Amino acid sequence: MAASSSASTPSSSHLLSQRLLAIRARMDAAARAAGRDPASVTLTAVSKTQPPEAIDAALATGLRVFGENRVQEAQGRWTDRRPDIPDLELRLIGPLQSNKAVEAVALFDVIETLDREKLIGALAAAQDKLGRRPRVLVQVNTGEEPQKAGVWPRDADALIVSARAAGLLIEGVMAIPPADEEPILHFALLAKIAARNDLSILSMGMSNDYEAAIRLGATHVRLGTALFGERNPSVAPSSI
Ligand SMILES: *Cc1c(COP(=O)(O)O)cnc(C)c1O
């Protein structure tokens, strides 16, 4: 343990690399147990509400794929950093309002939260305007929770067809299972929707259930707490 030359208390960056090592070990084990290549699963670091030191620490460990909930907050965190990190990948994982579509298309490489017809038109118009075509996932509300974003499972296929027809680059699906239910059935449902629509990307699994998600085919797990520790509770996430 002679890694750090600095203070006697562990730095936040040391903590973060320790957590990352443990997470990667668990991700790899879950993938292998399911007969999958560990390299087929990407860790999306959910950086919402994190202070600049935590972002710098995450970048220093080599993490390059980040998930953000809000367009404006993400602009503040990433616009200045982005030019120095050519291989950065930013993913929008929170609800998107149609009137923020242009800003979202300008900033994000992947938009994971397409969930309604109106947003298809706004994203298509933003693509035309900016000449930029982010990859898009359709968010499915697998638990049919009225307060939560996402298209209902029975409407997902039609939304995918219509998004493709409008010129969006649909590459997968995303879900946030109900907090109080066993997530496995939700992951399985999402995987089924992806398969029947010929989609290869499955964004599912968070800090509490990512190993189960990987066993059921997740290609992207979205980890906040497990990686960064508890978020500042005064900045509430908007979607859960
Ligand atoms: C905040 C958030 C996460 C990360 O949640 P943790 O439980 O902290 O890992 C993942 N996905 C979405 C959509 C989120 O809003």
Side-chain angles (χ1 to χ4, degrees), residues 12 15-16 18-27 30 41-51 54-55 57-58 61 63 65-74 76-78 89-97 100 104 107-116 119 134-143 145 147-151 156 172-184 186-187 189-190 194 201-214 216-240:
S12 70
L15 253 180
L16 191 132
Q18 298 276 305
R19 290 196 193 104
L20 179 59
L21 275 177
I23 289 168
R24 289 235 195 262
R26 289 173 61 173
M27 285 178 64
V41 189
T42 299
L43 166 53
T44 300
V46 177
S47 45
K48 64 185 181 196
T49 79
Q50 296 301 329
I55 305 299
T61 67
L63 283 165
V65 181
F66 289 84
E68 288 282 351
N69 265 53
R70 298 169 186 230
V71 176
Q72 250 167 330
E73 186 187 327
R77 190 167 292 121
W78 292 107
E89 179 176 293
L90 293 181
R91 309 177 68 96
L92 178 64
I93 61 171
L96 177 59
Q97 293 167 340
K100 296 264 172 61
L107 180 66
F108 289 98
D109 302 291
V110 181
I111 293 173
E112 298 202 8
T113 51
L114 171 61
D115 64 351
R116 60 197 188 278
L119 197 49
R135 285 118 67 202
V136 176
L137 311 193
V138 166
Q139 181 176 358
V140 184
N141 187 349
T142 56
E145 297 172 279
Q147 82 285 7
K148 196 177 271 180
V151 62
V173 284
M174 174 271 215
I176 309 168
D180 54 354
E181 283 181 32
E182 169 57 52
I184 286 176
H186 296 273
F187 295 152
L189 173 58
L190 193 70
I201 301 298
L202 275 173
S203 172
M204 58 188 196
M206 309 188 347
S207 290
N208 289 328
D209 53 20
Y210 63 95
E211 290 158 290
I214 290 169
L216 285 156
T219 61
H220 291 72
V221 292
R222 308 180 306 266
L223 303 186
T225 315
L227 184 63
F228 292 106
E230 290 298 328
R231 279 181 291 278
N232 176 354
S234 71
V235 195
S238 58
S239 66
I240 355 184

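Predicted model, so just to flag it, every value in this text is computed and none were measured. In each ligand, atom 1 is the first atom listed, and ligand 1 is the first ligand listed.
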(message) Is there a side-chain contact between Ile23 and Leu227 in this structure, where contact means two heavy atoms from C-beta onward sitting under 4.5 Å apart?
(response) yes
(request) Please confirm whether Gly224 comes within less than 3.5 Å of ligand 1 when only nitrogen or oxygen atoms on both sides are compared. (result) yes
(message) As a quick check of understanding, evaluate salt bridge (Lys or Arg N to Asp or Glu O under 4.0 Å) for Glu68 and Arg70, giving each step before the final call.
(response) CA-CA 6 Å; Glu68 288 282 351; Arg70 298 169 186 230; over 6 Å; no
(message) Under 4.0 Å from a heavy atom of Thr225: which atoms of ligand 1 are those, numbered in the order shown and with their elements?
(response) 6 (P), 7 (O), 8 (O), 9 (O)
(message) Checking Leu223 against Thr44 for the side chain to side chain contact (heavy atoms under 4.5 Å, CB included) test, could you report, in this order, the C-alpha distance in whole Å, the side-chain angles of both residues, the deciding distance, and whether it holds?
(response) CA-CA 6 Å; Leu223 303 186; Thr44 300; over 6 Å; no
(request) Of the side chain and backbone of Asn69, name the one, both, or neither that has a heavy atom under 4.0 Å from an atom of ligand 1. (result) side chain
(message) If the cut-off is 4.0 Å to any non-hydrogen atom of Ile176, which atoms of ligand 1 fall inside it?
(response) 13 (C)
(request) May I ask you to list the atoms of ligand 1 that are less than 4.0 angstrom from any heavy atom of Leu223? (result) 9 (O)
(message) What I'd like to find out is whether the side chain of Val173 reaches to under 4.5 Å of the side chain of Leu137, using heavy atoms alone.
(response) no
(message) Heavy atoms only: which of Glu68, Lys48, Arg231 lies closest to atom 15 (O) of ligand 1?
(response) Lys48
(request) Using modelled atom types only, decide if a donor and an acceptor are shared between the side chain of Ser207 and the backbone of Ala226 within a distance under 3.5 Å. (result) yes
(message) Can you tell me if Glu181 has over 12 outside heavy atoms packed within less than 6.0 Å of its CD?
(response) yes
(request) Could you list which atoms of ligand 1 come closer than 4.0 Å to a heavy atom of Arg222? (result) 4 (C), 9 (O), 10 (C), 11 (N), 12 (C), 13 (C)
